[in-house]
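Below is one structure, written out as structure tokens; comments come after it.
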Amino acid sequence: MPVQLLKIIKGRSETPLPRHLQKVDLRHLREGFDHTNKYFEGIVILSYPVTKLGDGTDFFKVVLQDMDNSCSRINSINILIYGKMAEDCAQVICHGDTFVVAGFKLAKSPTAREDGRHGYHLEVSEEAASAIYIYSKQRITAASKTALVPVAPKYVYTPLNHLKDGTIVNLYGVVKFFKPPYISKGTDFCSVVTLVDPSNAKLTCSLFSGNLDSLPKIYKVGDIVRFHRIKIREYNGQMQGITSAGFASLAFDGTVGAPIVPRTSTKGYSFMDEEQKTVEDLRIWAASNLSISGPAAKLSGVQPMLFFDLTCQLVGKAKVDGSSFLLKVWDGTKCPYPTWKVPVEARDVEGEKGHLHRLRNLTVDILVYDNHVHLARSLKIGSFLRIYSIHTKQASADNEDASHIEFHLHGGTGYGRGIGVLPESNPDVKDLKVFLESVDLADSQDMESMSSVELDGTFYSDTDFESDLQRYQHLPVTVLTDHQDLNNTELKTILNSTAPQQYRIRAKLRTYKPQKLYQSVKLHCSKCNSLQEVPHGDKLALILQGSAITAPNPELCNTSWYDSVMWTTQDQKQRKITIHFVRHNEMIQQPQNALLMIEGGTLKEIWKLTKRFKCVIPVKSTEHDLELLDLSAPFLLQGNIKYYGCKQCSTPKPMKSLSSMAAERQPSWEPTEIAQVLGIEPLQYVFIMKFTLVDGTGALDAYLFDYEKFFKIPASEILTTDFLQQKMQMIMNALCPPGGKLDDSPWLECFIKSYNVRDAMKHQVYYQIFDTTIVEDVL
DNA sequence: TTAGGATTGG
């Protein structure tokens with residue numbers, strides 16, 4: 001077959017395909033069959049950016065959906081286009097185009113298990129005498145918008161246990177080991193990084209770049225990285241990663257709950273909400289699956305004859321000889337042992353003389369050797385460093401002098417030995433700066449006499465010191481968002497006063513209920529003021545099962561404002577599922593903006609749909625209209641939030657009421673608006689807790705009724721988001737240390753209101769916390 | 001190309 005260039009044809013009848021070509025069905029793609037005169041036709045549902053392979057060949061990947069088998073479990077296939085055709089094709093195709101490929105080569109798809117597409121992919125290139133015909137975009141047809149074919153993210157990330165030799169992949173991982181960038185024996189910088197992920201596989205990567213900045217900015221074990229276009233090779237029976245053309249990386253702090261700020265030198269990188277979730281999930285996984293050593297060592301805590309990583313500031317530096325270089329650093333704490341001073345002339349030390357003198361009792365000399373000299377020489381005075389795997393060497397026993405310790409950074413890169421420069425934005429640097437500024441140099445001068453040997457255990461560890469500091473500073477962990485002008489009132493006075501009144505108080509949290517925090521989340525109707533439990537998933541599953549018994553009414557399919565797709569499950573149950581896609585401007589909206597209604601879906605199926613589509617509404621058919629299910633089920637699912645309506649205050653309307661919203665210029669599908677047009681009084685998620693507060697004059701139970709202001713965590717999201725649950729637990733542990741004495745508890749500053757509750761039998765005064773919030777740095 | 005994790009010399 002001759003090489004044919006891409007053709008764009010307006011209507012398919014205008015230029016028919018060559019007559020010798022016969023259409024082949026997805027189901028009939030088999031190895032060993034002769035596909036020479038066959039062509040495959042499908043709809044473009046996804047395409048990826050053109051990339052270059054290791055050898056410089058252009059590469060373009062397109063995913064096609066087979067319209068003849070759109071209801072089959074596997075109805076899409078990857079098309080890999082190489083060389084000139086890749087670029088030609090990428091320039092003209094659009095999502096939704098009809099795409100014909102002839103003269104393809106069939107090969108096993110290495111990604112079939114992950115992407116759920118056909119077990120084979122089609123390879124297309126000029127060399128293989130392939131031809132591609134693209135029919136310009138037509139109005140979306142029913143099958144392509146079933147969009148159970150999801151519009152996948154732009155990048156696919158391969159779990160570490162699915163890596164194949166010779167592929168170029170994108171991946172995420174948690175750093176288990178790393179060597180900070182060093183100058184290799186070749187022409188580039190090198191960094192070696194070992195990653196792990198929840199698949200429990202491990203991947204060691206050798207990363208090279210002439211540009212230091214383009215290597216991943218990893219500062220500690222437990223950091224999370226995202227690599228794009230890393231080449232996978234097999235080496236000594238194990239998979240290995242290596243930089244390929246176009247390699248790019250992002251790195252993130254691995255601390256659960258820390259802000260997710262990508263560290264990268266790449267401009268214009270893509271980073272979606274979904275990827276944010278990936279990072280947070282990996283953090284949580286790593287927290288319980290990766291042993292990350294405790295808080296970093298300080299000079300005050302060094303042990304002789306060991307290796308440690310030191311975060312410090314560079315005060316001075318000097319050349320010693322050809323193979324060693326001196327770094328004078330401090331971290332604000334004092335090393336409890338006498339330390340070795342490297343003999344160099346004071347005039348040969350680069351650094352601010354006055355500063356060097358003032359800090360002389362707090363700085364230590366670190367001698368770095370061989371391959372580290374070059375980098376050490378380039379360091380700027382005042383910069384913040386992390387020096388990895390410093391050896392604390394005790395002076396030899398036969399030395400007549402008093403024993404002292406020496407700090408060496410030996411040559412080589414074993415165990416990640418090396419020097420990393422930390423940016424000012426690094427959280428550890430921020431902490432260190434604050435600490436350095438607080439150091440009273442007069443103290444360290446006085447301590448000089450104590451420095452020889454003080455090993456009787458009277459030194460406080462840093463954690464003791466910090467918790468003491470917090471205890472004595474009396475800084476409250478909650479603050480008022482208003483009423484700053486009020487004075488504090490003692491709890492005794494409040495308890496002896498009549499209600500209703502408002503007070504500012506300063507108290508400690510003795511205990512709280514419920515202790516199981518998930519039990520504190522309820523649903524509240526602001527109209528009738530009722531509270532109810534959040535329905536359990538099992539209950540919802542039952543309601544959905546019940547509604548699936550009602551067969552969808554075909555007359556309610558494909559109306560003026562939505563398009564419907566109906567199919568029957570392949571399993572024994574032969575369940576009928578119908579999805580109604582609401583149209584806007586005669587078009588189905590992009591999945592992330594689209595609203596759909598589903599009949600007969602299971603909880604799992606609905607859950608999956610919410611990952612792709614903005615809004616999902618479970619419905620059932622009646623004789624004349626689609627209707628909401630029983631209000632024990634959510635009237636709407638959006639993201640990972642289920643929205644419920646109040647049974648007492650709602651008057652549900654048929655679904656056609658929604659058509660007016662669809663006709664709006666830009667339907668926002670806001671839950672409150674949807675609720676309104678459907679006659680639903682929405683319930684709000686709320687935290688309800690009882691805090692027992694004490695201040696030395698009395699004890700008072702105050703209720704917390706909080707949508708999200710107090711904890712800065714939306715009550716609506718906590719039940720479905722692990723890391724928010726962890727965060728809330730950490731906040732409560734900070735407010736009320738478990739098992740701790742009251743002395744260890746921090747102060748809370750709160751605004752409370754007293755109010756009367758009377759019934760026929762009795763009268764009681766209650767208290768509620770208002771206008772109060774957790775301080776930013778409580779964790 | 002370089003490194004391919006796996007301390008300890010000066």
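So that the names make sense, note that chain A is the first sequence line, chain B the second, and so on, each numbered from 1. Values below: all heavy atoms of this structure, side chains included; hydrogens, waters and symmetry mates excluded.
When heavy atoms are screened at a 4.0 angstrom cut-off, Asp370(A) is found touching base atoms of the nucleic acid. Among the heavy atoms of the strands lying under 4.0 Å from Tyr182(A) are primed sugar atoms or P, OP1, OP2 only; no base atom is included. Base engagement by Ile242(A) is indicated by at least one non-hydrogen atom pair under 4.0 Å involving a base atom. Nucleic acid contact for Ser323(A): base, since at least one base atom lies under 4.0 Å from a heavy atom of the residue. As judged by a 4.0 angstrom heavy-atom cut-off over every strand, Gly411(A) is placed among the base-contacting residues. Heavy atoms of Ser389(A) sit under 4.0 angstrom from at least one base atom. Looking at heavy-atom distances under 4.0 Å, Lys176(A) makes contact with a base.
Judged by closest nucleotide on DNA chain B, Phe208(A) is the one of Thr204(A) and Phe208(A) placed further toward the 5' end. Nearest-nucleotide assignment on DNA chain B puts the 5′-proximal partner with Asp188(A), out of His391(A) and Asp188(A).
The closest side-chain heavy-atom distance from Leu250(A) to Val279(A) is not below 4.5 Å. Leu163(A) has its side chain within reach of Leu171(A): a pair of non-hydrogen atoms, C-beta onward, lies under 4.5 Å apart. Within the 4.5 Å cutoff, the side chain of Leu385(A) has heavy atoms near those of the Cys312(A) side chain.
Across the P atoms, dT8(B) and dG4(B) are found 14 Å apart, a figure rounded to whole Å. Remark: the separation of the P atoms in dT2(B) and dA6(B) is 16 Å, to the nearest Å.
A side chain to side chain donor-acceptor pair (under 3.5 Å) with His391(A) is found for exactly one of His408(A), Arg417(A), His410(A), namely His410(A).
First and last contacts of DNA chain B with chain A, using any nucleotide atom under 4.0 Å from a protein heavy atom and ordered 5' to 3', fall at dT1(B) to dG10(B).
Side chain to side chain, Tyr82(A) and Glu127(A) fail the donor-acceptor criterion of an N or O pair below 3.5 Å.
Under the 4.0 Å criterion applied to side-chain N and carboxylate O atoms, Asp309(A) and Lys220(A) are not assigned as salt-bridge partners. Under the 4.0 Å criterion applied to side-chain N and carboxylate O atoms, Lys277(A) and Glu280(A) are not assigned as salt-bridge partners.
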